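Single-structure report; data block below.
When a ligand or atom number is given, it counts from 1 through the structure's own listing order. Predicted model, so just to flag it, every value in this text is computed and none were measured.
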Amino acid sequence: MSNFSTHNFSGERALIRVDFNVPIDKQTFAVGDDNRIRAAIPTITKILKDGGAVVLMSHLGRPKDGPEEKSSLIHIVAHLQTLISKAMDRQVLIQFANDCIGDEANNKAAALKGGEVLLLENLRFYKEEEKGDPAFAEKLSKLGDVYINDAFGTAHRAHASTAVIAQFFAKDKKMFGLLMESEVKSAEIVLHKAEKPFTAIIGGAKVSDKILIIENLLTRATDIIIGGGMAYTFMKAMGGQIGKSLCEDDRLETAMAILKKAEEKGVCIHLPGDSIIADNFAADANTSTAPSDLIPDGWMGLDIGPNAAEQFSNVIKRSKTILWNGPMGVFEMEKFQHGTKAIAVAVAAATADGAFSLVGGGDSVAAVNQFGFANAVSYVSTGGGAMLEYFEGKILPGIAAIEA
Ligand code: AMP
């Protein structure tokens with residue numbers, strides 16, 4: 001693979017797989033949260049400034065059966081144009097091809113001059129994209145002289161545009177974009193160069209979603225903090241009373257096996273000693289505080305309690321490496337967001353003290369953004385599922401294809 005930052009794109013057409021899968025308003029088709037588009041701008045502008053041309057390809061939504069208006073990437077053209085023009089300090093017109101392959105795309109891509117940008121229509125209007133069809137990938141590959149993958153969010157998928165396409169480019173003509181590069185670099189620090197103590201904070205709803213990541217971290221972390229709904233399966237497995245808290249009864253043995261393995265490996269597992277409990281899963285529920293293993297019947301734990309928040313914060317503040325995946329409670333409701341907020345404060349404090357902190361996985365990312373801590377941690381990953389699979393120890397096809 002080639003190095004993006006040192007590659008000179010002058011005179012080349014760069015075909016970039018980006019992740020422009022942003023929310024689009026159903027009525028007005030206006031772009032909502034544009035973070036994913038913004039994340040790709042540095043890669044695009046570097047190429048344009050070098051004097052290269054850019055061909056952008058992405059998916060949007062989940063079209064079932066071919067083209068459909070609500071999933072057309074034409075809706076983002078104006079927004080993209082504004083962002084790129086601002087970054088380039090000049091008006092950059094975005095051309096659009098109504099089909100990602102075929103004559104129109106071929107002709108428009110062939111006619112591109114240095115400094116120009118072409119956006120292709122939604123890749124997923126073709127079933128071949130998700131199937132990883134090589135013939136479809138080869139057609140796409142003709143639209144660029146170099147291939148750049150900057151879509152970390154889909155790196156765990158072996159789709160035509162994210163992985164299969166790479167085989168049609170020579171080693172020095174395929175590379176990660178700047179976003180992908182920083183995602184991979186940050187994940188590698190945590191997985192392979194973590195300074196100890198290394199604390200992993202794992203939360204969210206279900207143990208079953210997080211078993212693989214916890215197992216992989218048992219060989220790497222010094223401390224694992226377990227919060228959120230999944231903590232109650234552990235509590236019950238240890239003989240606690242958890243009322244009507246979330247629990248996966250078919251995972252009680254798994255929870256015990258994790259605790260046993262942690263003990264064997266000398267990894268300290270931290271469970272919340274107390275919880276904020278509620279009589280109902282609702283924003284206006286009656287609440288109280290209780291030990292997490294003594295939750296009365298009819299009540300459920302919806303957040304870690306104040307003692308747990310303090311205990312977890314102390315562990316976090318003495319850490320040198322921190323990985324955070326999953327909220328500590330139902331942070332979407334104000335009454336149950338204190339725990340997640342306290343963890344964000346502690347991670348920010350540890351980071352200010354020199355720790356490397358990575359927040360990855362959908363809901364903890366949403367939480368740090370919501371609470372305004374995104375700039376107070378070392379890295380916030382854009383790829384939920386991809387980051388999770390990376391930390392489960394899986395090889396991501398989108399990364400492997402570039403490195404091959
Ligand atoms: P995940 O996608 O597995 O990371 O789970 C995130 C979701 O878990 C969020 O929507 C939270 O509201 C939810 N969650 C966190 N803690 C609890 C809890 N104690 N009980 C029920 N749901 C929870």
(request) Please check if atom CD in E264 has more than 12 non-hydrogen atoms from other residues, nucleotides or ligands closer than 6.0 Å. (result) yes
Side chain, backbone, both or neither: which part of [X] comes within less than 4.0 Å of ligand 1 when only heavy atoms are counted?
{"X": "E332", "value": "side chain"}
{"X": "F336", "value": "neither"}
{"X": "D363", "value": "side chain"}

Numbered atoms of ligand 1 (with element) below 4.0 Å of [X], judged on heavy atoms:
{"X": "Y232", "answer": "19 (N)"}
{"X": "G228", "answer": "16 (N), 19 (N)"}
{"X": "G301", "answer": "18 (C), 19 (N), 20 (N)"}

Among all the protein's non-hydrogen atoms, which is closest to [atom], and how far away is it?
{"atom": "atom 3 (O) of ligand 1", "answer": "A205 N, 3.2 Å"}
{"atom": "atom 23 (C) of ligand 1", "answer": "V330 CG2, 3.5 Å"}
{"atom": "atom 4 (O) of ligand 1", "answer": "K210 NZ, 3.1 Å"}
{"atom": "atom 20 (N) of ligand 1", "answer": "L302 CD2, 3.6 Å"}
{"atom": "atom 17 (C) of ligand 1", "answer": "G229 N, 3.2 Å"}

(message) Looking at Y147, I'd like to know if the NZ or CZ of K174 sits under 6.0 Å from its six-membered ring centre while staying within 45 degrees of the ring's axis.
(response) no
(message) When you compare the side chains of S275 and Y232, does any donor N or O come within less than 3.5 Å of an acceptor on the partner?
(response) yes
(request) Assess the side chains of H7 and E12: does a donor N or O sit below 3.5 Å from an acceptor N or O? (result) yes
(message) Check this for me, if you would: do D249 and K236 make a salt bridge, where the nitrogen-to-carboxylate-oxygen distance has to be below 4.0 angstrom?
(response) yes
(request) May I ask you to say whether E181 pairs ionically with K46, meaning some side-chain N is under 4.0 Å from a carboxylate O? (result) no
(request) Using atom types as modelled and distance alone, determine if a side-chain donor or acceptor of N21 lies under 3.5 Å from a backbone N or O of L60. (result) no
(request) Assess M230 for proximity to ligand 1: is some non-hydrogen atom of it under 4.0 Å away? (result) no
(request) Grab the two heavy atoms, one from K335 and one from A283, that are nearest each other, plus how far apart they are. (result) CD-O, 3.4 Å
